[in-house]
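Computation of the quantities below employed the complete heavy-atom set of this structure, encompassing side-chain atoms and omitting hydrogens, waters and symmetry-equivalent molecules. To find a chain, count down the sequence lines: A is the first, B the second, and so on, and within it residues start at 1.
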Protein chains: 2
Amino acid sequence: MRLTCRSCSIRSRALCRALPEATLDQINRLARRRRVPAGRALFNEDEANNVVATVLAGVAKVSVSLADGRTQVVGLHFPSDFIGRPFAAPVAPLAEAATDVELCFFDRPRFEALLVEHKGLEEVFVRQVTAELDAAREWMLLLGHKTAEERMASLILQCLTRLEPSDCVAHVPATEVRIELPLSRTEIAQFLGLTIETVSRMLKRLSTVGVIAIESGRGIRVRDRAGLERRAEAGKV
Amino acid sequence: MRLTCRSCSIRSRALCRALPEATLDQINRLARRRRVPAGRALFNEDEANNVVATVLAGVAKVSVSLADGRTQVVGLHFPSDFIGRPFAAPVAPLAEAATDVELCFFDRPRFEALLVEHKGLEEVFVRQVTAELDAAREWMLLLGHKTAEERMASLILQCLTRLEPSDCVAHVPATEVRIELPLSRTEIAQFLGLTIETVSRMLKRLSTVGVIAIESGRGIRVRDRAGLERRAEAGKV
DNA sequence: CGGCGCGCTTGATACAGATCAAAGAAAACT
DNA sequence: AGTTTTCTTTGATCTGTATCAAGCGCGCCG
């Protein structure tokens, strides 16, 4: 199915809720689309500070690094999420495609103008940034105080939640759900504050106790979601 | 010096930049003031989701916890910082006074109305939230990948930066600066993802090598800021 | 088809920081 | 002032995760 530029924004939860048709039209007129293959930066240097975008398909990661190379993935952006910050400081962290990504982007100054002009849009945007902040804080708790196993379980749960079709609010939960982790082992390690070896061992551990099954490299089946939830918060079985 | 309610907002960097006099007047009319002694929650349960505030004096901390008690301090709010989120999800993390705090607070719905009405204010607010997100991300890097010594040095530097008088942009840097850490050892540990014992040992280490000197419990003198900066990012001396 | 490279797993060992234990030092209370 | 309580330091030991070091699987390309 080919998405038209119009449907870009329509498909974006973050943008479309409660906005009048006229506003959406205006937004859509500013939108441009782009596909970014896995591993590539979403924007080139010139763009980085002058665009905002929403993810249509795939998963993007945002990361920050220390001079000596230590890297922390600080956020994942799933379909419908915003990327970029209007009015913000001119230092953008690095945004890359974790999987192949399809996105819909806007010239920043114009988007800012829209933001100022349309009350509803501004509110939607504030909510989005706020949600991101909440996610960052939850991750701080994970990085500061959770064990390796809890971290791994938390990540799987987050992917599960965000990759599930969210439209059908009350769909019957499948006993076994298959998902494709959007990150490589290295990226998982950078997100969880662990090493790739530990990530590998924790995945193994979770699969030996039976809460997940590892299919191929990134593909896993969640066999016991409750067990996973328990393990995401309390170390003790 | 007694601060009038009017001067509340005037003193707040975040609120006063580039706002027209009329807007400030309107904001000031909605403001209420409060003093919170160290250790107390800033707001009671009813309020928590229905107010926003700016810190006038002292330092507030925001924290999230796991069921078993593990606690992560996810943010510090220094004078001029915002607390609370307009339009946000109805789950507010716990905000407490780290030191005695003086704040200026607003009824949330009214503040939201203001936000929608005044373009400039909204922009100021977005910037504030964005800055908070940046800080959270930098802290994620710290929690995920820095050593205990680097963490301790980073915290001291952050306090140093935020507690310095920021009005005098180009003031001559003193060779030795004395600051009062706004957090107890326990709180520092919860912020850095360490234990109190390790915090104590790292402070000792930094003082033995001479970059800081420990005066009383919370009072320290920064004797070698450059050394501290080096230690905040690179482990190796 | 076979070698080559890259991402992943697995095992052995080391170490930073946690945990356990106790003693000082400040506050807080009487 | 003296006692209790709470916070901080210091020391000894333990442990989870990093680090070091092979080995494995699989896609890629000649």
Under the ring-ring contact (aromatic ring centres under 6.0 Å, His included) test, which residues partner Phe191(A), sequence neighbours left out?
Trp139(A)
Sub-3.5 Å donor-acceptor pair from the side chain of Arg151(B) to the main-chain atoms of Lys146(B), do we have one?
yes
Bend angle of the helix from dC1(C)-dG30(D) to dT30(C)-dA1(D) from five-pair axes at both ends, rounded to 10°?
40°
Expressed as a whole number of angstroms, how long is the span from Lys146(A):NZ to dT17(D):P?
13 Å
Measure from CD on Glu197(A) to P on dA18(D) and round the result to the nearest Å.
8 Å
Backbone of Phe82(B) reached by a side-chain donor or acceptor of His77(B) within 3.5 Å:
yes
Does Thr195(A) place a side-chain N or O at less than 4.0 Å from the phosphate oxygens OP1/OP2 of dA18(D)?
yes
Pair Glu197(B) + Arg201(B), salt bridge at N-O below 4.0 Å:
no
With no hydrogens and no angle check, is any side-chain donor or acceptor of Gln72(B) less than 3.5 Å from a backbone partner on Gln190(B)?
yes
Note: Arg34(A)-Glu47(A) ion pair, threshold 4.0 Å (strictly below):
yes
Can you measure Glu215(B) atom CD to dT9(D) atom P for me and round it to whole angstrom units?
14 Å
Spacing of Arg185(A) atom CZ relative to dC24(D) atom C1', expressed in whole Å
14 Å
Residues which pass salt bridge (charged side-chain N to carboxylate O under 4.0 Å, His left out) with Asp107(A), listed by chain and number, not counting sequence neighbours:
Arg110(A)
Rounded distance (Å) that lies between atom P of dT19(D) and atom CZ of Arg70(A)
10 Å
Think Thr198(A) has a side-chain N or O under 4.0 angstrom from the OP1 or OP2 of dT17(D)?
no
Whole-Å distance between dC7(D) P and Leu181(B) CG?
16 Å
Under 4.5 Å between any side-chain heavy atoms of Ile220(B) and Leu206(B), yes or no?
no
Separation of His145(A) atom NE2 from dG16(D) atom C1', in whole Å?
16 Å
Partners meeting salt bridge (charged side-chain N to carboxylate O under 4.0 Å, His left out) with Arg178(B) (sequence neighbours left out):
Glu180(B), Glu215(B)
Roughly how many Å is it from CD1 in Ile196(A) to C1' in dT19(D), rounded to a whole number?
11 Å
Just the endpoints, please: which first and last nucleotides of DNA chain C, 5' to 3', lie under 4.0 Å from a heavy atom of chain A?
dC8(C) to dA12(C)
Does Leu133(B) reach the side chain of Glu132(A), with side-chain heavy atoms less than 4.5 Å apart?
yes
DNA chain C-proximal residues of residues 201-211 of chain A, any heavy atom under 4.0 Å:
Arg201(A), Lys204(A)
Tell me whether Glu150(B) is salt-bridged to Arg70(A), with the criterion being a basic N under 4.0 Å from an acidic carboxylate O.
yes
